[in-house]
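Read the structure below first, then the notes.
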Amino acid sequence: PPAAADPAAFDAAATACLTLQGAPEYRFLPIAASMSTRDWFYTAATTPPLTGRHSARNILLRAEDAFLLTLTPGRSTILTREGVLHAPPLPDARPPYPPGVSREADTFFITASSLAEAPVLTGPHALLPAAAQSTLLETLLPLVLMAPHLPADTTLLLPDSQPPEPSPLADLLTLFGLAHFRIQAVPAALCRAQSLIWPDHCAPPQVSADTLRAARSRAHAVQPPPEARRRIFLTGGIADPVRCATIAANLGYRLVDKVPADQAARAALFAGASAIIAVHGRLLDNLLFCQAGTQVIELTPLTAWRPRYARLSDQLGLTHAVLPCAVERDTLAPDTADFGRLLRIMRARR
């Protein structure tokens with residue numbers, strides 16, 4: 001909002017104080033306050049900020065002399081001496097807290113001695129978001145957004161808690177041509193960074209089409225897609241193999257029973273596909289590697305569907321359709337006739 005850049009409006013907003021040894025020395029913005037460009041700056045990369053809850057997309061934040069306070073695994077609060085509070089501690093932050101940190105109601109207090117003794121991270125650092133579901137979409141995409149703004153000697157800071165992934169982050173960095181960055185876990189519950197950059201509001205649905213396509217271009221530059229493209233039917237999580245094999249044979253799709261565990265091989269599989277049939281799930285995160293125009297059929301139960309991959313396909317220029325399927329013995333039971341009708345509709349749309 002325009003008022004966020006107005007120093008008078010900033011000073012007039014309600015404030016919260018961080019008490020240091022009994023004296024309010026540093027001011028921090030309350031959770032609901034606007035952000036001020038007087039004390040720090042943000043860079044809009046590809047998409048301008050929007051108004052409304054969770055609507056800001058692709059905003060990069062930067063602070064010099066910043067403190068990282070980690071009270072909840074995988075989530076760091078960023079504090080600066082200029083009055084910035086980002087990603088406030090979650091309500092589920094529970095004691096014991098780090099030495100020098102205490103809590104009263106919804107307010108956290110940090111002693112001045114703890115700030116003075118916090119380990120210092122020298123040089124430029126970038127804080128990567130924690131991955132709730134997918135390291136590929138929730139950690140790598142924000143890094144691709146930040147990459148043009150990062151010096152070559154930047155160290156990537158990982159949250160102290162990451163969910164298990166089929167492929168380590170280092171392999172993904174290589175796949176996207178970002179292997180020159182060093183990786184380091186946030187070293188302590190309270191530490192200090194000389195120079196820090198991080199993304200704001202970078203959940204997959206909020207990442208712009210330009211950022212998604214830039215990530216795909218990076219991956220294709222490292223590993224060019226094959227010229228010969230195939231139609232593939234990924235069988236994981238759906239009905240019995242006989243039914244899948246029959247449908248694949250009738251439609252002229254290559255049946256893939258086991259997706260490669262190696263991320264580079266998996267990316268090559270999706271990049272080399274002209275059409276994909278797969279059940280809704282994290283495997284479809286790899287649509288990021290598909291070439292524009294790839295046809296995608298997402299299988300889903302009759303009673304439930306989420307638009308995560310429809311949005312991803314739309315932004316990547318893929319042709320996406322959903323096929324609701326009956327459920328037999330807790331597995332999806334797709335029907336050949338349903339596939340035929342859906343494919344005729346997709347050809348008509350194209």
Side-chain angles (χ1 to χ4, degrees), residues 35-49 56-70 74-87 115 118-131 135-160 162 167-188 190-202 206-208 210-223 263 288:
M35 299 175 292
S36 172
T37 56
R38 181 183 61 173
D39 298 320
W40 57 285
F41 66 91
Y42 62 82
T43 301
T46 72
T47 302
R57 296 181 298 174
N58 299 4
I59 304 301
L60 302 183
L61 311 180
R62 188 189 305 272
E64 305 297 323
D65 190 21
F67 289 93
L68 282 75
L69 174 63
T70 304
R75 295 289 298 273
S76 295
T77 298
I78 301 171
L79 309 171
T80 80
R81 297 181 184 275
E82 304 297 338
V84 179
L85 183 149
H86 174 75
L115 292 177
V120 178
L121 306 175
T122 58
H125 286 73
L127 182 64
L128 298 180
T135 297
L136 176 60
L137 297 185
E138 298 173 10
T139 301
L140 253 295
L141 280 181
L143 176 56
V144 170
L145 172 68
M146 289 189 288
H149 306 274
L150 299 179
D153 60 343
T154 298
T155 298
L156 307 179
L157 291 175
L158 289 175
D160 60 350
Q162 287 276 356
S167 177
L169 180 61
D171 291 344
L172 290 173
L173 292 179
T174 300
L175 182 60
F176 285 88
L178 298 170
H180 58 283
F181 291 124
R182 297 188 299 271
I183 305 174
Q184 175 184 342
V186 176
L190 179 64
C191 58
R192 179 176 174 180
Q194 287 183 337
S195 178
L196 186 67
I197 185 172
W198 69 98
D200 189 35
H201 294 297
C202 260
Q206 298 165 321
V207 175
S208 73
D210 287 342
T211 299
L212 286 165
R213 297 181 186 196
R216 177 173 61 188
S217 297
R218 273 185 169 273
H220 288 179
V222 174
Q223 185 178 25
Q263 182 60 62
L288 178 64

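From a predicted model like this one, the values you see are computed outputs, not experimental measurements. Numbering starts at 1 and runs along the sequence shown.
- At distances below 3.5 Å, at least one donor-acceptor pair connects side-chain atoms of Arg182 with backbone N or O atoms of Asp153.
- Side-chain contact between Ile197 and Pro124: absent, with no pair of heavy atoms (C-beta onward) separated by less than 4.5 Å.
- The two atoms that bring Ala118 and Leu190 nearest to each other are CB-O, 3.7 Å, heavy atoms only.
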Step-by-step side-chain contact (heavy atoms from CB on, under 4.5 Å) determination, Leu196 to Leu68: CA-CA 10 Å; Leu196 186 67; Leu68 282 75; 3.6 Å; yes

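- Nearest approach of Leu173 to Phe181, heavy atoms of both residues: CD1-O, 4.4 Å.
- Checked against Leu128 for a side-chain contact (heavy atoms from CB on, under 4.5 Å), the options Ile183, Leu156, Leu140 give a single hit: Leu156.
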Residues Gln194, Val120; criterion side-chain contact (heavy atoms from CB on, under 4.5 Å); working and verdict: CA-CA 7 Å; Gln194 287 183 337; Val120 178; 4.1 Å; yes

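- Pro151 and His149 get closest at one heavy-atom pair: CD-O, 3.8 Å.
- Closest heavy-atom contact between Ile78 and Ala66: CG2-CB, 4.2 Å.
- Checking Leu288, Leu136, Thr135 one by one against Leu141, the side-chain contact (heavy atoms from CB on, under 4.5 Å) holds for a single residue, Leu288.
- In this structure, the side chain of Thr139 engages the main chain of Pro129 through a donor-acceptor pair within 3.5 Å.
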Test side-chain contact (heavy atoms from CB on, under 4.5 Å) on Leu137 and Val207; report intermediate values, then the result. CA-CA 9 Å; Leu137 297 185; Val207 175; over 6 Å; no

Between Arg218 and Leu178, is the side-chain contact (heavy atoms from CB on, under 4.5 Å) condition met? List the steps. CA-CA 9 Å; Arg218 273 185 169 273; Leu178 298 170; 3.4 Å; yes

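- Between Val144 and Phe176, the shortest heavy-atom distance links the atoms CG2-CD2, 4.3 Å.
- The nearest pair of heavy atoms linking Gln184 to Leu121 is NE2-CD2, 3.8 Å.
- Counting heavy atoms from C-beta on, the side chains of Leu175 and Gln223 come closer than 4.5 Å.
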